[in-house]
Amino acid sequence: MSAIEVTALNASPKILEMLSAILVETVANGGSVSFMHTLDLATATAFWDESLAAAARGERIVLGAWDGDILVGTVSLLLNCPPNQPHRAEIAKMMTRVSHRGQGVATALMRVAENLAAERSRTLLVLDTAAEDGAAALYEKLGFVLAGTIPDYALKPHGGLTATMVYWKRIGEKNPDNRPGEEPIRD
(Lines give C-alpha, C1' and ligand atoms only; values in the text may rest on other atoms or scores of the structure.)
Protein backbone atom coordinates (compact mmCIF):
# COMPACT_ATOMS: atom_id res chain seq x y z
CA MET A 1 0.00 0.00 0.00
CA SER A 2 1.26 3.47 -0.87
CA ALA A 3 1.00 6.43 1.49
CA ILE A 4 -2.58 7.34 2.32
CA GLU A 5 -3.63 10.86 1.33
CA VAL A 6 -6.68 12.43 2.97
CA THR A 7 -8.61 15.15 1.18
CA ALA A 8 -11.95 16.91 1.47
CA LEU A 9 -14.34 15.56 -1.15
CA ASN A 10 -16.57 17.51 -3.53
CA ALA A 11 -19.48 16.22 -5.57
CA SER A 12 -18.64 14.62 -8.89
CA PRO A 13 -20.04 11.50 -10.56
CA LYS A 14 -16.81 9.57 -9.88
CA ILE A 15 -16.68 10.61 -6.19
CA LEU A 16 -20.37 9.71 -5.74
CA GLU A 17 -19.75 6.32 -7.34
CA MET A 18 -16.74 5.56 -5.10
CA LEU A 19 -18.44 6.76 -1.88
CA SER A 20 -21.56 4.76 -2.70
CA ALA A 21 -19.50 1.61 -3.28
CA ILE A 22 -17.80 2.04 0.12
CA LEU A 23 -21.16 2.52 1.85
CA VAL A 24 -22.71 -0.56 0.21
CA GLU A 25 -19.61 -2.64 1.07
CA THR A 26 -19.58 -1.42 4.67
CA VAL A 27 -23.24 -2.27 5.23
CA ALA A 28 -22.87 -5.67 3.51
CA ASN A 29 -20.02 -6.45 5.93
CA GLY A 30 -22.05 -5.52 9.01
CA GLY A 31 -21.00 -1.90 9.48
CA SER A 32 -23.55 -0.01 11.56
CA VAL A 33 -23.74 3.25 9.63
CA SER A 34 -27.52 3.89 9.65
CA PHE A 35 -28.48 1.60 6.78
CA MET A 36 -29.80 -1.95 6.51
CA HIS A 37 -28.53 -4.76 4.31
CA THR A 38 -29.23 -5.12 1.37
CA LEU A 39 -28.47 -1.49 0.57
CA ASP A 40 -29.07 -0.60 -3.06
CA LEU A 41 -26.69 1.65 -4.93
CA ALA A 42 -29.36 4.28 -5.66
CA THR A 43 -30.07 4.78 -1.93
CA ALA A 44 -26.35 4.99 -1.17
CA THR A 45 -25.84 7.51 -3.97
CA ALA A 46 -28.77 9.64 -2.76
CA PHE A 47 -27.27 9.69 0.75
CA TRP A 48 -23.86 10.83 -0.52
CA ASP A 49 -25.40 13.34 -2.92
CA GLU A 50 -27.14 15.05 0.03
CA SER A 51 -24.03 14.76 2.23
CA LEU A 52 -21.84 16.43 -0.39
CA ALA A 53 -24.49 19.13 -0.92
CA ALA A 54 -24.36 19.77 2.85
CA ALA A 55 -20.57 19.97 2.57
CA ALA A 56 -20.92 22.57 -0.21
CA ARG A 57 -23.11 24.60 2.18
CA GLY A 58 -20.40 24.40 4.88
CA GLU A 59 -22.50 22.20 7.18
CA ARG A 60 -20.06 19.29 7.13
CA ILE A 61 -16.79 18.13 5.67
CA VAL A 62 -16.69 14.78 3.89
CA LEU A 63 -13.15 13.43 3.91
CA GLY A 64 -11.77 10.71 1.69
CA ALA A 65 -8.69 8.57 2.15
CA TRP A 66 -6.88 7.75 -1.07
CA ASP A 67 -4.50 4.91 -1.90
CA GLY A 68 -3.31 6.27 -5.22
CA ASP A 69 -6.47 6.93 -7.21
CA ILE A 70 -8.59 4.49 -5.20
CA LEU A 71 -10.90 5.89 -2.50
CA VAL A 72 -10.35 3.50 0.42
CA GLY A 73 -12.08 5.26 3.31
CA THR A 74 -14.24 8.16 4.39
CA VAL A 75 -15.38 10.03 7.47
CA SER A 76 -17.63 13.06 7.89
CA LEU A 77 -17.14 15.96 10.26
CA LEU A 78 -20.57 17.40 11.08
CA LEU A 79 -20.33 21.14 11.76
CA ASN A 80 -23.96 22.22 11.67
CA CYS A 81 -24.70 22.20 15.40
CA PRO A 82 -27.43 24.15 17.22
CA PRO A 83 -26.72 27.81 18.08
CA ASN A 84 -25.83 26.95 21.68
CA GLN A 85 -23.17 24.44 20.55
CA PRO A 86 -20.84 26.35 18.21
CA HIS A 87 -17.83 24.87 19.99
CA ARG A 88 -18.51 21.25 19.03
CA ALA A 89 -18.51 18.97 16.00
CA GLU A 90 -19.52 15.36 15.46
CA ILE A 91 -17.67 12.53 13.75
CA ALA A 92 -19.91 10.37 11.56
CA LYS A 93 -19.85 7.67 8.88
CA MET A 94 -16.33 6.33 9.47
CA MET A 95 -15.83 3.66 6.81
CA THR A 96 -12.79 1.84 5.44
CA ARG A 97 -12.75 -0.59 2.52
CA VAL A 98 -12.40 -4.16 3.75
CA SER A 99 -9.22 -4.50 1.67
CA HIS A 100 -7.58 -1.62 3.58
CA ARG A 101 -8.65 -2.23 7.17
CA GLY A 102 -5.91 -2.38 9.79
CA GLN A 103 -3.57 -0.27 7.66
CA GLY A 104 -3.99 3.14 9.33
CA VAL A 105 -6.68 4.53 7.02
CA ALA A 106 -9.16 5.31 9.82
CA THR A 107 -6.44 6.86 11.98
CA ALA A 108 -5.36 9.11 9.11
CA LEU A 109 -8.96 10.17 8.50
CA MET A 110 -9.53 10.91 12.19
CA ARG A 111 -6.36 12.98 12.49
CA VAL A 112 -7.36 15.19 9.58
CA ALA A 113 -10.95 15.50 10.84
CA GLU A 114 -9.72 16.56 14.27
CA ASN A 115 -7.31 19.11 12.82
CA LEU A 116 -10.03 20.57 10.59
CA ALA A 117 -12.38 20.82 13.56
CA ALA A 118 -9.73 22.62 15.62
CA GLU A 119 -9.06 25.02 12.71
CA ARG A 120 -12.76 25.90 12.91
CA SER A 121 -12.48 26.69 16.64
CA ARG A 122 -14.22 23.50 17.69
CA THR A 123 -13.03 22.34 21.11
CA LEU A 124 -15.16 19.23 21.56
CA LEU A 125 -15.70 16.24 19.30
CA VAL A 126 -18.40 13.63 19.88
CA LEU A 127 -19.18 10.37 18.13
CA ASP A 128 -20.93 7.08 18.64
CA THR A 129 -20.11 3.57 17.52
CA ALA A 130 -21.87 0.24 17.70
CA ALA A 131 -21.03 -1.77 20.81
CA GLU A 132 -20.81 -4.93 18.71
CA ASP A 133 -18.26 -4.81 15.89
CA GLY A 134 -17.81 -1.04 16.20
CA ALA A 135 -14.60 0.97 16.27
CA ALA A 136 -14.38 1.57 20.04
CA ALA A 137 -10.76 0.39 20.23
CA LEU A 138 -9.73 2.83 17.50
CA TYR A 139 -11.47 5.78 19.13
CA GLU A 140 -10.02 4.98 22.55
CA LYS A 141 -6.54 4.69 21.02
CA LEU A 142 -7.07 8.18 19.60
CA GLY A 143 -7.94 9.58 23.03
CA PHE A 144 -11.73 9.57 22.96
CA VAL A 145 -13.42 9.05 26.33
CA LEU A 146 -16.44 6.77 26.72
CA ALA A 147 -19.39 8.76 28.06
CA GLY A 148 -21.66 5.74 28.25
CA THR A 149 -23.47 2.97 26.45
CA ILE A 150 -27.10 3.06 25.34
CA PRO A 151 -28.68 -0.40 25.01
CA ASP A 152 -30.75 -1.45 21.99
CA TYR A 153 -29.93 1.79 20.19
CA ALA A 154 -30.13 0.60 16.58
CA LEU A 155 -30.66 -2.37 14.36
CA LYS A 156 -27.55 -4.07 13.01
CA PRO A 157 -27.42 -4.14 9.20
CA HIS A 158 -28.28 -7.85 9.11
CA GLY A 159 -30.88 -7.64 11.90
CA GLY A 160 -30.91 -7.71 15.70
CA LEU A 161 -30.37 -4.82 18.08
CA THR A 162 -27.04 -3.39 19.15
CA ALA A 163 -26.06 -0.90 21.81
CA THR A 164 -24.19 2.27 20.93
CA MET A 165 -21.17 3.65 22.75
CA VAL A 166 -21.00 7.45 22.98
CA TYR A 167 -17.56 9.09 23.05
CA TRP A 168 -16.17 12.61 23.47
CA LYS A 169 -12.80 14.32 23.20
CA ARG A 170 -11.59 17.84 23.90
CA ILE A 171 -9.42 19.15 21.09
CA GLY A 172 -7.42 22.21 20.15
CA GLU A 173 -5.58 24.37 22.61
CA LYS A 174 -8.40 24.71 25.17
CA ASN A 175 -7.50 21.78 27.39
CA PRO A 176 -6.74 23.45 30.73
CA ASP A 177 -6.51 20.25 32.75
CA ASN A 178 -4.52 18.25 30.15
CA ARG A 179 -6.52 15.19 31.15
CA PRO A 180 -6.06 11.83 29.39
CA GLY A 181 -8.04 11.57 26.22
CA GLU A 182 -8.00 15.29 25.77
CA GLU A 183 -4.63 16.09 24.25
CA PRO A 184 -4.83 17.53 20.73
CA ILE A 185 -3.39 15.36 17.96
CA ARG A 186 -0.38 16.99 16.38
CA ASP A 187 1.50 15.53 13.45
Side-chain angles (χ1 to χ4, degrees), residues 4 6-9 22-23 26-27 29-35 51 54-55 58-65 72-98 100-157 160-187:
I4 295 296
V6 176
T7 63
L9 301 177
I22 289 174
L23 180 54
T26 298
V27 172
N29 284 280
S32 183
V33 288
S34 304
F35 294 93
S51 293
E59 298 168 1
R60 68 176 60 197
I61 300 170
V62 179
L63 295 173
V72 296
T74 185
V75 71
S76 292
L77 179 66
L78 308 182
L79 300 168
N80 193 21
C81 294
N84 69 338
Q85 300 168 37
H87 60 287
R88 117 179 143 75
E90 185 172 345
I91 299 291
K93 302 295 184 273
M94 168 63 77
M95 294 177 261
T96 302
R97 302 277 330 215
V98 172
H100 285 72
R101 290 184 182 164
Q103 299 179 34
V105 173
T107 298
L109 285 162
M110 289 296 293
R111 288 184 187 279
V112 172
E114 183 172 325
N115 287 336
L116 289 171
E119 286 174 10
R120 285 157 179 77
S121 301
R122 306 305 165 105
T123 57
L124 181 68
L125 286 178
V126 296
L127 61 84
D128 68 89
T129 189
E132 296 176 38
D133 302 320
L138 166 72
Y139 299 130
E140 290 173 11
K141 180 184 91 173
L142 294 173
F144 282 81
V145 178
L146 179 64
T149 301
I150 304 169
D152 299 339
Y153 188 77
L155 290 172
K156 296 183 277 188
L161 289 169
T162 185
T164 194
M165 301 169 75
V166 180
Y167 285 89
W168 61 272
K169 181 179 181 182
R170 290 189 195 280
I171 62 168
E173 300 303 320
K174 295 183 179 181
N175 179 16
D177 303 327
N178 202 26
R179 295 182 297 226
E182 298 183 19
E183 293 91 24
I185 294 177
R186 294 192 179 100
D187 291 332

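Quick caveat, the model's predicted, so the values are computed rather than measured.
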Sequence neighbours left out, cut at 3.5 Å: what donor-acceptor pairs do the side chains of residues 79-92 make with other protein atoms?
{"from": "Gln85", "atom 1": "OE1", "to": "Arg88", "atom 2": "NE", "distance (Å)": "2.6"}
{"from": "Gln85", "atom 1": "OE1", "to": "Arg88", "atom 2": "NH2", "distance (Å)": "2.6"}

Between the CH2 atom in Trp168 and the CG atom in Leu127, the distance rounded to the nearest 0.5 Å is 12.0 Å
Should the heavy atoms of other residues, nucleotides or ligands under 6.0 Å from OH of Tyr153 be counted, would the total exceed 12? no
Is the backbone N or O of Leu63 less than 3.5 Å from a side-chain atom of Thr74, with the two atoms forming a donor-acceptor pair by type? yes
Give the ring-plane orientation class for Tyr139 versus Tyr167, where under 30° counts as parallel, over 60° as perpendicular and anything between as tilted. tilted
Who are the side-chain contact (heavy atoms from CB on, under 4.5 Å) partners of Ser34, not counting sequence neighbours? Lys93
Got a sec, which residues hit side chain to side chain donor-acceptor pair (under 3.5 Å) with Thr149, two or more places apart in sequence or on another chain? none
Enter the distance from Leu125:CG to Phe144:CZ here, rounded to the nearest 0.5 Å. 5.0 Å
For Thr164, side chain to side chain donor-acceptor pair (under 3.5 Å) partners two or more places apart: Asp128
Kindly write out the residues that satisfy side-chain contact (heavy atoms from CB on, under 4.5 Å) with Ala154, not counting sequence neighbours, or none if the list is empty. none
Just jot down the side chain to side chain donor-acceptor pair (under 3.5 Å) partners of Arg122, sequence neighbours excluded, or say none. none
Name all residues meeting the salt bridge (Lys or Arg N to Asp or Glu O under 4.0 Å) criterion together with Arg60; count only those two or more places apart in sequence or in a different chain, and write none if there are none. none
Side chains of Thr107 and Leu138: does their closest heavy-atom pair fall under 4.5 Å? yes
Got a second to check how far Ser51's OG is from Leu78's CG, nearest 0.5 Å? 8.5 Å
Partners of Lys156 by salt bridge (Lys or Arg N to Asp or Glu O under 4.0 Å), sequence neighbours excluded? Glu132
Nearest 0.5 angstrom please: Ile61 CD1 to Leu77 CG, how far? 5.0 Å
Residues passing the salt bridge (Lys or Arg N to Asp or Glu O under 4.0 Å) test with Glu140, sequence neighbours excluded, are none
If only atom types and distance count, is the side chain of Lys169 paired as donor or acceptor with the main-chain N or O of Glu114 below 3.5 Å? no
Any side-chain heavy atom of Arg170 within less than 4.5 Å of one from Thr123? no
Could you tell me which residues satisfy side chain to side chain donor-acceptor pair (under 3.5 Å) with Ser121, sequence neighbours excluded, listed by chain and number? none
Listed by chain and number, what are the side-chain contact (heavy atoms from CB on, under 4.5 Å) partners of Ala65, not counting sequence neighbours? Ile4, Val6, Val72, Val105, Leu109
